[in-house]
A.B. asks: 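Handing you this structure, nothing more for now.
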Amino acid sequence: MDSVIGLEIIEVVEQAAIASARWMGKGDKNTADHVAVEAMRERMNRIHMRGRIVIGEGERDEAPMLYIGEEVGICTQENAKDFCDPQQLIEIDIAVDPCEGTNLVAYGQNGSMAVLAIAEKGGLFRAPDFYMKKLAAPACAKNHVDINKSATENLKILSDCMSRSIEELVVVVMDRPRHKGLIEEIRNAGARVRLISDGDVSAAISCAFSGTNIHALMGIGAAPEGVISAAAMRCLGGHFQGQLIYDPEVVKTGLIGESKESNIARLQEMGITDPDRVYNAEELASGDTVLFAASGITPGTLMQGVRFFKGGARTHSLVISSQSSTARFVDTIHMNDTPKSLQLR
Ligand SMILES: O=C(COP(=O)(O)O)[C@@H](O)[C@H](O)[C@H](O)[C@H](O)COP(=O)(O)O
Ligand SMILES: [Mn+2]
Ligand SMILES: [Mn+2]
């Protein structure tokens, strides 16, 4: 899969990032999102693959593009039957978040990215648009920390695994009222908390890279972003666990249906019989081959944001592959016109 679409998916996230970055700081999150979706879809539909969106712009906003179930790839082009034989093409499932951190882009803040994950058909968990309790940590803590344990216990385990004191640990938590108790507990245990307003995919993946000064992600974010994070963590060997949150009382606001009972019924309809199940990275991204790609829209912990210059733009992306066991940082100059000079760095 790597060799067929590896390079192309870099362009998919790059194009989405460039489109969205033009709306950076304009205070218009819908447009920042919409242009990323359009650009991602346009580039994706030129790839020789039979793709299906399994996590997309779906349920939350009834989006007309990159919706769950949409088929993408070269066969969707007009007159495709003249030049494309679907039987010859690889069938893949795709999870996308063309603009992860729409608020961050709209308000010119750090940490937004265009992101996607790919696996062969059936290789990604079809997460409903629910919340998910998440725990991410570096590879050395994999299967030692546990989402069923308290934050205090996990911080002790993490400090042992990382051979550092709890005071030297930094935990990212989304700045939400639902996390008041969690934040207090982490601080009381001695660790330091980095609060983020949005963008928990970046935070989860950052745990797998030393040097980011992010050692864990704890708390509740969205489930689709959980699957995308899990895909990267599965390839990187980092720790990731997720548990769906179906009780509106836990999160109080947001994406969730009107009652716990109706949410459980909806999960059952989707074939999720145990709503309390804890999924690990390998279960959320179970494909034999998993690919992850992201491109910074605004600057972040892992990637730089899009930088425009006269006649072009420069992007910074990350492509992670389970097949080749690689995490590639890709620095690309996009030339619209022939520039008079190109900056080396
Ligand atoms: O920050 C986020 C928003 O994503 P997007 O809508 O693509 O810009 C995600 O990283 C979070 O995982 C998540 O969507 C969020 O926590 C759920 O919403 P909220 O009710 O505001 O916490
Ligand atoms: Mn998102
Ligand atoms: Mn988004």
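Indexing begins at 1, ligand by ligand and atom by atom, following the structure's order.
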A.B. asks: Could you see which bit of E225 sits under 4.0 Å from ligand 1, with heavy atoms only: side chain, backbone, both or neither?
C.D. replies: side chain
A.B. asks: Checking side-chain polar atoms at under 3.5 Å, does H334 have a donor or acceptor matched by the opposite partner on T315?
C.D. replies: yes
A.B. asks: If you measure from each non-hydrogen atom of H179 to ligand 1, which part falls under 4.0 Å: side chain, backbone, both or neither?
C.D. replies: neither
A.B. asks: Considering distance alone, does some N or O of C99 sit under 3.5 Å from an N or O of ligand 1?
C.D. replies: yes
A.B. asks: If you measure every N or O of R178 against every N or O of ligand 1, does any of those distances drop under 3.5 Å?
C.D. replies: yes
A.B. asks: Report the name of the N/O/S atom of D97 located nearest to the Mn ion (ligand 2).
C.D. replies: OD2
A.B. asks: Any donor-acceptor pair under 3.5 Å linking the side-chain atoms of T152 with those of E185?
C.D. replies: yes
A.B. asks: Would you tell me whether R307 and H316 have side-chain atoms, one donor and one acceptor, within less than 3.5 Å of each other?
C.D. replies: no
A.B. asks: Using a heavy-atom cut-off of under 4.0 Å, does the side chain or the backbone of M174 touch ligand 1, or both, or neither?
C.D. replies: side chain
A.B. asks: Within the 3.5 Å criterion, strictly below it, is a donor on S206 or T212 matched to an acceptor on the partner's side chain?
C.D. replies: no
A.B. asks: Below 6.0 angstrom between ring centroids: does that apply to Y279 and F125?
C.D. replies: yes
A.B. asks: Below the 3.5 angstrom mark, is there an N/O of G199, backbone or side chain, next to an N/O of ligand 1?
C.D. replies: yes
A.B. asks: State the atoms of ligand 1, each with its element, that fall below the 4.0 Å cut-off from a heavy-atom position in T102.
C.D. replies: 8 (O)
A.B. asks: Check whether any N, O or S atom of E57, backbone or side chain, sits closer than 2.8 Å to the Mn ion (ligand 3).
C.D. replies: no
A.B. asks: Could you tell me if N45 and T76 have a donor-acceptor pair between their side chains, going purely by distance under 3.5 Å?
C.D. replies: yes
A.B. asks: When you compare ligand 1 with G101, is there at least one nitrogen or oxygen pair between them that comes in under 3.5 angstrom?
C.D. replies: yes
A.B. asks: Does any N, O or S atom in D198 come within less than 2.8 Å of the Mn ion (ligand 2)?
C.D. replies: no
A.B. asks: Regarding ligand 1, does A222 bring an N or O atom to under 3.5 Å of one of the ligand's N or O atoms?
C.D. replies: yes
